[in-house]
Structure formats: structure tokens, C-alpha cells
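Since the model is a prediction, treat every value here as computed from it, not as a measurement. Proteins get letters first, then strands, A, B, ... in listed order; numbering begins at 1 in each.
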Amino acid sequence: MRSPLARFLVRRILTALLLAVGITLITFVLTNLVPGDPVAANLGQRAVGDPAIVAQWRADHGLDRPLPQQYLMHLEGLLHGDLGTSQQSHRPVLDDLAESVPATLELAGAAILVSLILGVGFGVVAALRRDRLSDHVLRVLSLIGISVPTFWLALVAFYVFFFRLQVTPGSGRIDPGMTPPPQVTGLYTVDALLSGRWDVFSSAIGHLAAPALVLALYTIGLLTRFTRSAVLEVLGQDYVRAARAKGLPGRVVLFRYVLRPALVPVITVAGLAFGSLLSGTVLVEAVFAWPGVGQYAYKSATTLDLPAVMGVGLVVGVVYLVINLVVDVLYGVIDPRVRVS
Amino acid sequence: MKRAGLFARRRGSRLPQAWRRPLAVVGTVVALAWIVVALAAPLLAPHDPLAQELPRLAPPGPGHWLGTDQLGRDILSRIMYGARVSIPLTLLLVALSVVIGGLLGACAGYFGRWVDETIMRLADLVFAFPTVILAMVVAAALGASLGNAVLAVLVVAWPAYARVTRGLVLGVREREFVLSGRLLGFSAWRSLRVDVLPNVTGPVLVLATLDIGTALLLLSGLSFLGLGAKPPSPEWGAMVAGGVEVFDSWWVATFPGLAILTVVLAFNFLGDTLRDALDPRTAQAIKERAL
């Protein structure tokens, strides 16, 4: 425990655990805030009229106990993987989510990859060509990127590229009629490669392209803006000027002296960007009929299927928490200053 | 004395140059145009936004410049009336977030200890969720209505202001003029209100301007999900959602979406300009170019 790194790790993990408990508390409080009566939602018309059945049902589900006790029961259920039952599919929410998580991971993973490559690339170019035409163009483009309503862009992209130009395949993860690759990771692109099915791979990539690009546009804008200012800050440092003054080649100065320190904070922003990608899936998957968590959330929200909505909130909240934990730890390992502060 | 703080002076001398840049001019013109449309919608709109007339799903052309939707309502008129729904609600939302988040953040920074801990841990909890997901969860729990959607976005939006204000207050709290106020016998509230808050408003206003776009995107996103405005309200997000069902009639979804885009873009241009004007490093760059 003496080393600052160990202390930093323990503190960060404890905070994450506390936040995870906080997330469960929020979804629990929200579920109990609903004006609707769970008895009416779960029992039939005639059963609701019978006080004995209602009392029995409430006792069975622990609804007659005080709220703190109900919360502990809820927590215990969660630890056993019980996220409740969807009112729409009448299946456990966990099962529904388990089916849709790989699709969303594939989509969000592709989007974050595209965002990192393009966002960081554009940001570096804009900073190096500061106040020239390309900087101004990239600035306007990145502002447009963070201003476009994702749900609208998804619709426009679907209409233009699928319906009009027919350059992208339609909705879903692979062409209709094609059998999915044998499941290893649940990611069709990876599974298709693993089983050597090139036709499925190219179909999966084709289907992934449009929704991933639509989803990535916001984070590309975000990362471009952040990278630009991070690089500009480092460019103004004395040691960069010194490196130039002693005659080091431009490329060495750029990669060794500028990009290395400038791109470290980008890791944190990439973690935050992943959060907006997860948010975006709710708005994009519905339009592209992508069978992931986002579409499940969209369907649950539009039908006010509360257990399902809360399940999505809980799972996505915890996934986001873990990603930010990993990002923070990574940041702490790379940059010693973070551990001390 | 208190008005002559760091940000007040900068605002006076450097803003005019920043406002002459193309992005600032475009942002101002577009934002003002939308505010005029919102105010004068009954005078400007060619049709009743709720009137259902034939032909249905008419493409853009004379008579219906932006076409009609599946119920035969004029899309241009609906977008104009929609400005009266989306823009005031978004401004109200951001104003409330500034006031609530700002006050909580100021209290956290000024009083410290358990007040700080309670407020900031609550903020951390909100930050632990991706925004749309938390807003969706709150809106679904409260029930689908525009008012509840506003409340849901408010829940997501206040912590950013709390965090920024807290940081700024921590910086100002120990300055001489604040301490001398306390020594003169100002109460904690008076000191906070008179000496501290005016000195933190600059950056908070920049954040608010940049946040108008985000708030509008969130609010219309919730309506798109069916958790906000109810039909027949001409809310832009709900209008885009209406276009999903008839997406081969592209005009139904395209134009309301463009309305959202232009408003968000205009306020982001303005926010960017404000931030540059208040940031000493970029402000210097503007000054050098202007000379």
C-alpha cells in the first residue's frame, strides 16, 4: 500500500464499487417512483379485485416490507443476476440483454475505432496547421459533428445510401438468409474470420459500416476538438521549442516530443466518448434495425416497459463505469502525476 | 470592485474582435432568425400547424414549401410552431440547470466539508451514467410527457455546472476581497452572492451557451424515443420520429432534423466564440490577427 500506484488503484476501485451501488440505488428509487401499481401490471383483472390474492402477491414479492429492506432484496437479486422480467417479452431482462450485448459491442467497438483514428488524426492536423484553411474547415466540420442529431443522421444515411444510392446493404447485421457464423465472441466480424467464412465477414462489415459511421460522427467531432487543443498546448511548451532549436528533424519532434504527452489525456476523453457512443446506440440501432441493446432500449422506452428500461440503465451504467475505471487506471499507470494528485 | 473582476474586464475589451469572426456572425444571425421565427410563428406560418388537409405526404412545392406529413399537415408551419416548443423549453432547461447546478456547486465550494461531499458525490453518480441512458431511464420512470422529459434532462444537466462552479469558487474563496468582506461582517450568503458569484459567471455562461445545443439534442432525442412531446405537438424530435414510418417521403423527417441541426450549430458557434473570447490564450491569438 505504500506505493502511490497501489494506493491510487485501491482508491479508484473503491470509488467505482461505491458508484456501482449508487447506480443500483438510482434505478431502484426510479422504479419505485412510478405512479403505476406493480400489482395491477402483473396480476389479471379478476385477481386484482381479490384482496387475499393481492396481499399474497405483495408478500411473495416482498412489497409489504419497508423500502430499505426491499432495496436489499433487490440488491441480492441483482447479485444473482435477477434484473426482473420484461413486460414485453415476458422473459428475464438479463436473458434479453445477454442476446443483444454482442451486437452493440461490435457496433460501438467499430465506432470508437473509427473515432479514434479519424478524430485524433484530424485534431493533430488541425493543430499543426493552426489558423490555415484546413484548420478552419476541420473546426467547422467538428462543430457540425457534435451538432447533428444522431437519430436524424441515421435516418438520412439510411435513406440516401440504402434506399436511393443502394451502396449499403439494408438493416440487420448480415444479409437476410445468411446463417450467422458459429458463436465464439458474438461479434459477427470476428466469428466469421475465426471460422474462415469470408462471405459472412464481408456482409457483416458492409452492414456495420453505415451505422458505425453515423454513430462515430459525434465522437469524431469531440476527439478532433480535444486533440487539437491538447496538441496546441504542448506545441507551445519550451521543451518543444528547445528540441526544434537544437535541430531535431520535424518528425522526431512531432512524434517524440509533441504527440506522446499530448495524446495521454486523449485516453480519458476516449473513455467519456464511449459513453456518448453507448447513448447513441439507443438512437441509431432503432433506425438500422440493429438487434442490440440500443434497439432493446428503444423498444422498451416506447412501450414504457420499465423493468427492461431499468435493466438497460443498470447494465449500461455498470459497463460505462468499468470502461472509465480501466481508462483511469491506464491513465494513472502512464502518467505518474495523476496518482499523486 | 467586484464587477472589475477577471472576467468582467476581459469581456469588455476582447469580445468585439471575437464577434467579428465568420463563425460568430453566422451563429448570431441563425440564432436570432430562429428566435424571430419562434416569436412570430403565427404571423409567418402559411398554414395552421395542426390542420389536416389533402394532399397527404405531398412533396415540397408551391403551396406547401416543405411538403406535408402523413396526416396532411404543412411541415413548414409545424417547424415554425415547433420553434415555440423547442427553443423556449431548451433555454428554460439550461437556465434552470445553471441556477440549480451553479448554486449547488457554489455551496459545495464555499462551505466545503459534508455539504461539498454530499453534493459532489451526487454529481459523480449522475456522471456515472451515459447521458441519454440516464435521461431515458428518468423520463420512462416519470411517464412520457414533455414536462417530464425536461425534468429528465435537468437531472442529467445540473452536475456539469455544479462541478465547474465549485472549482471556480474554490479559487475565488481565498482571495483578499472575499476575505475582507467576511472580516467586515458579511454573512456567508451575502459574501457568496456579492463577492464570489459575480466572479465565476463568465466560464459558467460559456458552458451554458455550449450546453444549449446539447440540451436541445437530448430533449428532441427523448421526444424521438416517444418519451417527450405527445402528438399532435409540433416538437421537432417527435416530427423526425413521425418520418421513420414513412421514410421514403424524405421531407417528413429531413426538415425538422435540419431545424434541430441549425439551432444546435448556431448556439455551438456562439459558445465557441464566447469561450475563445474568455480564454486568454486564444483571445491573444484573436487580438494578434485583428491587428
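- Ranking Ile144(A), Leu155(A), Leu277(A), Leu153(A) against chain B, the residue ahead of the rest is Leu155(A), based on heavy-atom pairs under 4.5 Å.
- Proximity to chain B (any heavy atom under 4.5 Å) is shown, for Ile23(A), by both the backbone and the side chain.
- In this structure, the side chain of Asp69(B) does not engage the main chain of Val252(B) through any donor-acceptor pair within 3.5 Å.
- Checked by atom type and distance alone, the side chain of Ser223(B) pairs as donor or acceptor with a backbone atom of Ala229(B) at under 3.5 Å.
- Ranked by heavy-atom pairs under 4.5 Å with chain A, the first of Asp272(B), Val138(B), Asn268(B) is Asp272(B).
- Contact annotation for Leu23(B): only side-chain heavy atoms (C-beta onward) come within less than 4.5 Å of a heavy atom of chain A.
- For Ile112(A) against Phe274(A), the heavy-atom pair with the smallest separation is CD1-CD1, 3.9 Å.
- Heavy atoms closer than 4.5 Å to chain B are found nowhere in Arg164(A), neither backbone nor side chain.
- Each of Thr303(A), Leu18(A), Ile26(A) has some count of heavy-atom pairs under 4.5 Å with chain B, and the biggest count is that of Ile26(A).
- Listed here is the closest heavy atom pair of Val150(B) and Leu93(B): O-CD1, 3.1 Å.
- Neither the backbone nor the side chain of Leu232(A) comes within contact range of chain B; no heavy atom of the residue lies under 4.5 Å from a heavy atom of that chain.
- Contact annotation for Leu122(B): neither backbone nor side-chain heavy atoms come within less than 4.5 Å of a heavy atom of chain A.
- For the 3.5 Å distance criterion, the side chains of Thr262(B) and Trp34(B) qualify, holding a donor opposite an acceptor.
- Looking at Val263(B), there are no atoms closer than 4.5 Å to chain A (heavy atoms on both sides), in backbone or side chain.
- Of all the listed residues (Ala241(B), Gly226(B), Gly221(B), Gly213(B)), the one sharing the greatest number of non-hydrogen pairs under 4.5 Å with chain A is Gly221(B).
- Looking at Val287(A), the atoms closer than 4.5 Å to chain B (heavy atoms on both sides) all sit in the side chain, from C-beta outward.
- Contacts between Leu283(A) and chain B at a heavy-atom distance below 4.5 Å involve backbone atoms as well as side-chain atoms.
- No close placement of the Trp250(B) and Trp152(A) rings is indicated, their centers lying 6.0 Å or farther apart.
- Of the listed residues Val148(A), Leu321(A), Thr27(A), the one with more heavy-atom pairs under 4.5 angstrom with chain B than any other is Val148(A).
- A distance-only check finds no donor-acceptor pair linking the side chain of Gln237(A) to the backbone of Val240(A) [under 3.5 Å].
- Only the backbone of Phe127(B) comes within less than 4.5 Å of a heavy atom of chain A; no side-chain atom from C-beta onward does.
- Between chain A and the options Leu258(B), Asp124(B), Leu134(B), Leu216(B), the largest number of non-hydrogen pairs under 4.5 Å is found for Leu258(B).
- Contact annotation for Leu227(B): only side-chain heavy atoms (C-beta onward) come within less than 4.5 Å of a heavy atom of chain A.
- Heavy atoms only, all atoms of each residue included: Thr68(B) and Trp251(B) are closest at O-NE1, 3.1 Å.
- Contact count against chain B (heavy-atom pairs under 4.5 Å) is highest for Leu143(A) among Val160(A), Asp305(A), Leu143(A).
- Ring centroids of Phe288(A) and Phe158(A) are separated by less than 6.0 Å, placing the two rings close together.
- Side chains of Thr104(A) and Tyr296(A): a donor-acceptor N/O pair is absent below 3.5 angstrom, by distance only.
- Checking side-chain atoms of Thr219(A) against main-chain N and O of Ala273(A) turns up no donor-acceptor pair under 3.5 Å.
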